[in-house]
J.: 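What follows is a structure written as structure tokens; I'll ask about it next.
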Amino acid sequence: MGEVVLRGFGWRHAGRKAWAVRGVDLRVAHGERVLLLGASGAGKSTLLAALAGLLPDDSGDAEGSVEIDGLDPRKAREQVGIVFQDPQTQLVMSRSGDDVAFGLENRGVPAAEIWPRVDEALHRVGFGYGRDRPTAALSGGEQQRLALAGALALRPGLLLLDEPTANLDPAGAALIRSAVTRALDDDTTLIIVEHRVAEALTLVDRVVVLEPGGGVRADGPPGAVFAAHGDRLADEGVWVPGHAVAARKAVTGPGDSLVRADAVSLRHRLPPATLTARAGEVLAVTGPNGAGKSTLALLLGGLLKPTSGTIDAKPGGAPYRWRAVDLTTRIGSVFQDPEHQFVTNRVADELALGPRRIGRPEAEVSRTVDELLQRLRLDKLAGANPHTLSGGEARRLSVATALATAPRLLVLDEPTFGQDRRTWIELIELLARLRDDGHGIVAVTHDADFVAAVADSVHRLERTA
């Protein structure tokens, strides 16, 4: 089970002029393990959605054909398991065990088999809690493990993984790769999209590179593909193993304190933490999943009130007490899930929203939007719906919306998530320039390359029982 055949396949989202993916001819045999590569926006996630039967006719234009074991993907869904970039799009139940069981119940698995399969899947992904753990209490990385458990419990003939380790700490990412290896039998087909290319190579025996604009650039064993195309692929944004990125550290020391957290905590979500965000400094917040990194980012950004401890910014005191207009102009926050920030139907409108709310003149708003579209390579997507962007494009838009009001402090949660090599470097350069211009940056991250390239200091959180 799990043979994939695409003939001239293409898809264009409704309302878009450009095709998300086009001209793809590809055959993946039963049991093959394929790594799907390409620059951000090349159509990798769209292709996986097509294989999972998740592109309704009324949501866009299709050309060519896609088959799973000779069937239209919409008629082969019981043979396919998929884990998306954002695991929250898959979590539907309030308890973790119920969420994994949901798909099994929908497919009519006998009741006596359901809970043993749930427990087996949770164990395979290294889920650290029991069935009763509330899904709302899970960190992003823990949610991702739960989503993978839900897919594995179905024992699919074709498993599709879209950035399965993107939100995981290194130990958790290794656990997921090990879980995937153990879970797949010889007949299971695997297609994985992953920016951590070097690590993902342990899972696959074939690499397929999508050509931006249409078609397949390269297809073959990993060593052969990278030997023949590695330099060009790296230039175009693919994370080719062995192509290092130069560091971009500060040339001067940090400046004044922008926000100071003193023994700040939030009940059940963050143990006491003390740190200072300073002007002219990139502070990386690291640590395992569930340690409270995202919660700390929300506290520093004035979006949560602490249970204990203090957060102080001068002038103004605790940011959570500020008026919205003051918070917007002084601290910009970028969430772990970009789509949680989007409230309009056009990329350009999303960028204009903040400046308009604080009363900037329309001419200034227009200049700001144009500049940010250019700086973050979103100019061709100005009229697109933010919710149709790729993961990498959505992340760049979320950063751009935070920059639109020119805040002195920028708080970012996983800023490099979903970026190809080229856009990753551009984000590093952008953040480095902001730091050199006197902005303070706090970045929650699992990305060791990000820390090595641009972080001036590191604050590590540890997970408590």
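Along the sequence shown, residues carry numbers from 1. The structure presented is a predicted model; accordingly, all values stated were derived computationally and were not measured.
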J.: In the structure I gave you, are the side-chain heavy atoms of R278 and V259 within less than 4.5 Å of one another anywhere?
T.: no
J.: Indicate the atoms forming the closest heavy-atom contact of W424 with F450, along with that distance.
T.: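 In this case the closest contact between W424 and F450 is CZ2-N, 3.5 Å.
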J.: Please name all residues satisfying side chain to side chain donor-acceptor pair (under 3.5 Å) with T328, sequence neighbours left out, ordered by chain then number.
T.: none
J.: Side-chain atoms of residues 319-327: list all donor-acceptor pairs with protein atoms under 3.5 Å, sequence neighbours left out, distances to 0.1 Å.
T.:
unit_1	atom_1	unit_2	atom_2	d
W322	NE1	G316	O	2.9
W322	NE1	A318	O	3.3
R323	NE	D326	OD2	3.2
R323	NH2	D326	OD1	3.4

J.: Decide if atom NE2 of H123 counts as having more than 12 heavy atoms of other residues, nucleotides or ligands within a radius under 6.0 Å.
T.: no
J.: Show the nearest heavy-atom pair for residues A404 and R360, with the distance to one decimal.
T.: O-NH1, 4.1 Å
J.: Measuring from atom CD of Q143 to atom CG of D99, what distance do you get when rounded to the nearest 0.5 angstrom?
T.: 9.5 Å
J.: Counting C-beta onward and ignoring hydrogens, is there a side-chain heavy-atom pair between Q341 and T401 closer than 4.5 Å?
T.: yes
J.: Is T310 close to V264 at the side-chain level, that is, under 4.5 Å between some pair of heavy atoms?
T.: no
J.: Give me the atom names and distance for the closest heavy-atom approach of V451 to T286.
T.: CG2-CG2, 4.1 Å
J.: Any chance you could measure L161, atom CG, to L152, atom CG, to the nearest 0.5 Å?
T.: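 One gets 8.0 Å once the value is rounded to the nearest 0.5 Å.
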J.: Please name all residues satisfying ring pair (Phe, Tyr, Trp, His ring centres under 6.0 Å) with Y129, sequence neighbours left out, ordered by chain then number.
T.: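 Scan of Y129 (ring pair (Phe, Tyr, Trp, His ring centres under 6.0 Å), adjacent residues dropped) gives F127.
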J.: First locate atom CG of L270, then atom OG of S308, and finally report the distance between them rounded to the nearest 0.5 Å.
T.: 9.0 Å
J.: Would you mind listing every salt bridge (charged side-chain N to carboxylate O under 4.0 Å, His left out) that reaches into residues 423-452, with sequence neighbours excluded?
T.: R248-E429, R248-D436, R377-E426, R435-D456
J.: State, yes or no, whether a side-chain contact exists between V34 and L190 at a heavy-atom distance under 4.5 Å.
T.: no
J.: Are side-chain heavy atoms of L376 and L397 found at a separation under 4.5 Å?
T.: no
J.: Are any of the side-chain heavy atoms of L122 and V100 separated by less than 4.5 Å?
T.: yes
J.: Under 3.5 Å, side chain of S96 to main-chain N/O of P134, donor-acceptor pair present?
T.: no
J.: Please list, one pair per line, the donor and acceptor atoms closer than 3.5 Å that link side chains of residues 367-375 to other protein atoms, with sequence neighbours excluded.
T.:
unit_1	atom_1	unit_2	atom_2	d
T368	OG1	E364	O	3.0
E371	OE2	R375	NH1	3.1

J.: Listed by chain and number, what are the side chain to side chain donor-acceptor pair (under 3.5 Å) partners of T388, not counting sequence neighbours?
T.: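 Scan of T388 (side chain to side chain donor-acceptor pair (under 3.5 Å), adjacent residues dropped) gives R16.
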J.: Under a 4.0 Å N-O cut-off, is there an ion pair linking E462 with R460?
T.: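 Yes.
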J.: If we check side chain to side chain contact (heavy atoms under 4.5 Å, CB included) with E163, which of these qualifies: I192, V193, V83?
T.: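 Among I192, V193, V83, the one that satisfies the side chain to side chain contact (heavy atoms under 4.5 Å, CB included) with E163 is V193.
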J.: What closest approach, in Å, do L37 and K44 show between heavy atoms, and which atom pair accounts for it?
T.: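 So the minimum-distance heavy-atom pair works out to C-CD, 3.6 Å.
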J.: Got a salt bridge between R346 and E350, using NZ or NE/NH1/NH2 to carboxylate O under 4.0 Å?
T.: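 Between E350 and R346 there is no salt bridge, as every charged N stays at least 4.0 Å from the carboxylate O atoms.
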J.: Do L300 and V285 have side-chain heavy atoms sitting under 4.5 Å apart?
T.: no
J.: Counting C-beta onward and ignoring hydrogens, is there a side-chain heavy-atom pair between S265 and P272 closer than 4.5 Å?
T.: yes
J.: Is the closest basic N to carboxylate O distance between E236 and R421 below 4.0 Å?
T.: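 Salt bridge between E236 and R421, a charged N being under 4.0 Å from a carboxylate O: no.
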J.: Flag yes if more than 12 heavy atoms outside K249 fall under 6.0 Å of its NZ atom; otherwise flag no.
T.: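 Check passes, neighbour count above 12.
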